[in-house]
Amino acid sequence: MDESGGSGQPRSGNDRATDRHEGQPPRTDPSHPEATPDTTGSGPAPEEQAPAEDVHGRDTGAKPSDASDSSGSSDGSVSPGVSGTPDPPAGRAPAAPRGRTEASSGNTGGGAGTGAGGPRGPRRPKDPGGGLLMGRPFGVPVYVAPSWFLVAALITWVFGGQLDRVLPELGAARYLVSLFFAVAFYASVLVHELAHTVAALRFKLPVRRIQLQFFGGVSEIEKEAETPGREFVLAFVGPLLSLVLAGVFYLAMSPVEPGTVPGVLLAGLMISNLIVAAFNLLPGLPLDGGRMLRAVVWKITGTPMSGTVAAAWVGRALAIAVLIGLPLLTQTGALGGDPEDIGGMDTVTDALLAAILAAIIWTGAGNSLRMARLREHLPELRARALTRRAVPVETDTPLSEALRRANEVGARALVVVDAEGEPLSLVREAAIVGVPEHRRPWVAVSGLAQDLTEGMRVSAELSGEELLDVLRATPATEYLVVEDSGAIYGVLSAADVERAFVRAMARPS
């Protein structure tokens, strides 16, 4: 995510900062690496800096290796009956963690999970969106994704065919009844998701949104449970509510005549909720049962990573079992129906459904492993270590002069200050690249700078998830890093954070 659109930070050729240039430093922290009361540069020591680039935008630093598995689905989306932890897209820095730490659970019945994201998160709007907004129960927005309308039409068609055999007297009205069933079924899925949401809020875990989509629901919980006990409860409440709903529908069937429309609808909802609960209790990520298994292993071993690895590999085994076993069970009639009535189109449909489910489970398990590794390495993202050494310059300083001063002290960023040394703005890296070298003596740095807002001032003490949260709150390409005293420490580039993010994802646990 090179938000700057290019590189070209001012720096010295060898990235050393042993030389000093003249000038009184504007509020420079004397404790800053490589800083003295007489230096105008501020920023981290060279060994703490991110890969260096020269004044012409040439990268002279080592390139971070690409993470072979840094890909995901924005917490993506897990679907049919699978409750899981779809992860934020990775590869460039997982946009994830949709930039911030974020968890999603998806399933035909819902699910709960947690994840984390990278610096790309700042681009995420305050309103998460995700389809048609249906309401905000408990303050959490509920969206219906466009893909839901497709599955609603599919359910209406399939259930309508079944009604034609059970209640042929309905005629075309059977499709209206089937549509009601589709809506009622997804209302049950919403209840499943709300169970995860209420539990998360009870544990003071923020929930970004609930989304109803093609194969189920997704609850995006933005932080991970702090203990294995809470993780277990957070995962278990979803299937538990589905079982409770199945019981409610069963009791409601008692006074209703079986061969009527209400009787058929109640029976269908009871069976569908039982299937949702049973499927999500399977012990493999990204299903709710997988999160419960993760919590158990976490409790036994004392490390959440061990639980994630165990549950993810069980999830992959489940994906293979679904891919092979579901078509076989259908062909043998184990799931109901006469095997002799199963035609060629039914076989193709069953195989396609099995392949989709297996792909969702396999992908969700892999995403869970990636997100666990990310959470393990998140503390390594420290503002102090990633900050570029900066040179303060006054507003009317020519760009060429500012770059000369930066190169003299090995700095790689420019801070525009007033006469009293108070920082006013940051010279944008992309703007420097866009100015031809022969024009730089005639261009003042103030014309290339972005005014500082309060959100663009970052404490040098921030690290990990806390740092990413601050960057997400105020999207920008550069941030001013300051000490607690207010002294300038340097400039933090969003591109440097992303590179560090990718390096962390590439390193094995």
Side-chain angles (χ1 to χ4, degrees), residues 1-4 7-12 15-18 25-36 39-53 59-62 64 93 118-119 122 378-393 405-407 409-417 423 425-429 432 449-450 452-504:
M1 156 192 86
D2 193 345
E3 293 180 279
S4 64
S7 54
Q9 312 91 302
R11 66 172 293 277
S12 63
D15 200 30
R16 289 200 302 258
T18 55
R27 304 184 63 200
T28 300
D29 182 5
S31 66
H32 188 288
E34 298 280 339
T36 68
T39 184
T40 58
S42 61
E47 60 272 19
E48 293 181 310
Q49 294 177 353
E53 297 162 353
D59 189 352
T60 61
L378 258 183
E380 299 173 16
L381 297 180
R382 296 181 296 114
R384 191 175 293 278
L386 295 172
T387 298
R388 300 176 177 184
R389 186 179 180 81
V391 167
V393 293
R405 294 182 190 177
N407 283 331
V409 297
R412 298 172 52 222
L414 302 173
V415 178
V416 179
V417 299
S425 56
L426 302 178
V427 179
R428 294 173 295 119
E429 178 185 351
I432 294 176
Q450 179 180 8
L452 280 172
T453 63
E454 188 57 35
M456 291 173 63
R457 295 174 184 265
V458 176
S459 169
E461 303 305 322
L462 292 179
S463 64
E465 188 176 327
E466 188 179 10
L467 172 61
L468 295 182
D469 284 342
V470 171
L471 301 190
R472 270 194 309 273
T474 307
T477 55
E478 288 92 13
Y479 300 83
L480 179 68
V481 180
V482 296
E483 297 285 6
D484 292 339
S485 63
I488 298 173
Y489 185 78
V491 171
L492 178 65
S493 168
D496 290 344
V497 177
E498 181 183 10
R499 279 191 284 266
F501 192 93
V502 173
R503 286 199 302 273

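Numbers here are sequence positions counted from 1.
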Which atoms form the tightest heavy-atom contact between [X] and [Y], and what is the distance?
| X | Y | value |
| --- | --- | --- |
| Pro392 | Val417 | CB-CG1, 3.8 Å |
| Ala390 | Gly490 | CB-CA, 4.0 Å |
| Arg389 | Gly410 | CD-O, 4.0 Å |
| Val391 | Ala406 | CG2-CA, 3.7 Å |
| Ala413 | Arg388 | CB-CB, 4.4 Å |
| Leu452 | Pro423 | CD1-CB, 3.8 Å |

Separation of [Y] [atom2] from [X] [atom1] (nearest 0.5 Å):
| X | Y | atom1 | atom2 | answer |
| --- | --- | --- | --- | --- |
| Glu465 | Leu381 | CD | CG | 11.0 Å |
| Leu414 | Glu478 | CG | CD | 10.0 Å |
| Tyr489 | Glu461 | OH | CD | 9.0 Å |
| Ser459 | Leu480 | OG | CG | 11.0 Å |
| Leu378 | Leu467 | CG | CG | 9.5 Å |

I'd like to check the side-chain hydrogen bond (donor to acceptor under 3.5 Å, both in side chains) partners of Gln450; sequence neighbours left out, ordered by chain and number. none

Does Thr477 reach the side chain of Leu426, with side-chain heavy atoms less than 4.5 Å apart? no

Any side-chain heavy-atom pair from Ile488 and Val481 closer than 4.5 angstrom? no

By side-chain contact (heavy atoms from CB on, under 4.5 Å) - contacts of Ser463 (at least two apart): Arg382

Residues in side-chain contact (heavy atoms from CB on, under 4.5 Å) with Glu466, at least two apart? Leu462

Check ion pair Arg412-Glu429 (N to O, under 4.0 angstrom): no

Does the Lys NZ or Arg CZ of Arg457 fall within the cation-pi geometry relative to Tyr479 - under 6.0 Å from the ring centre and within 45° of the axis? no

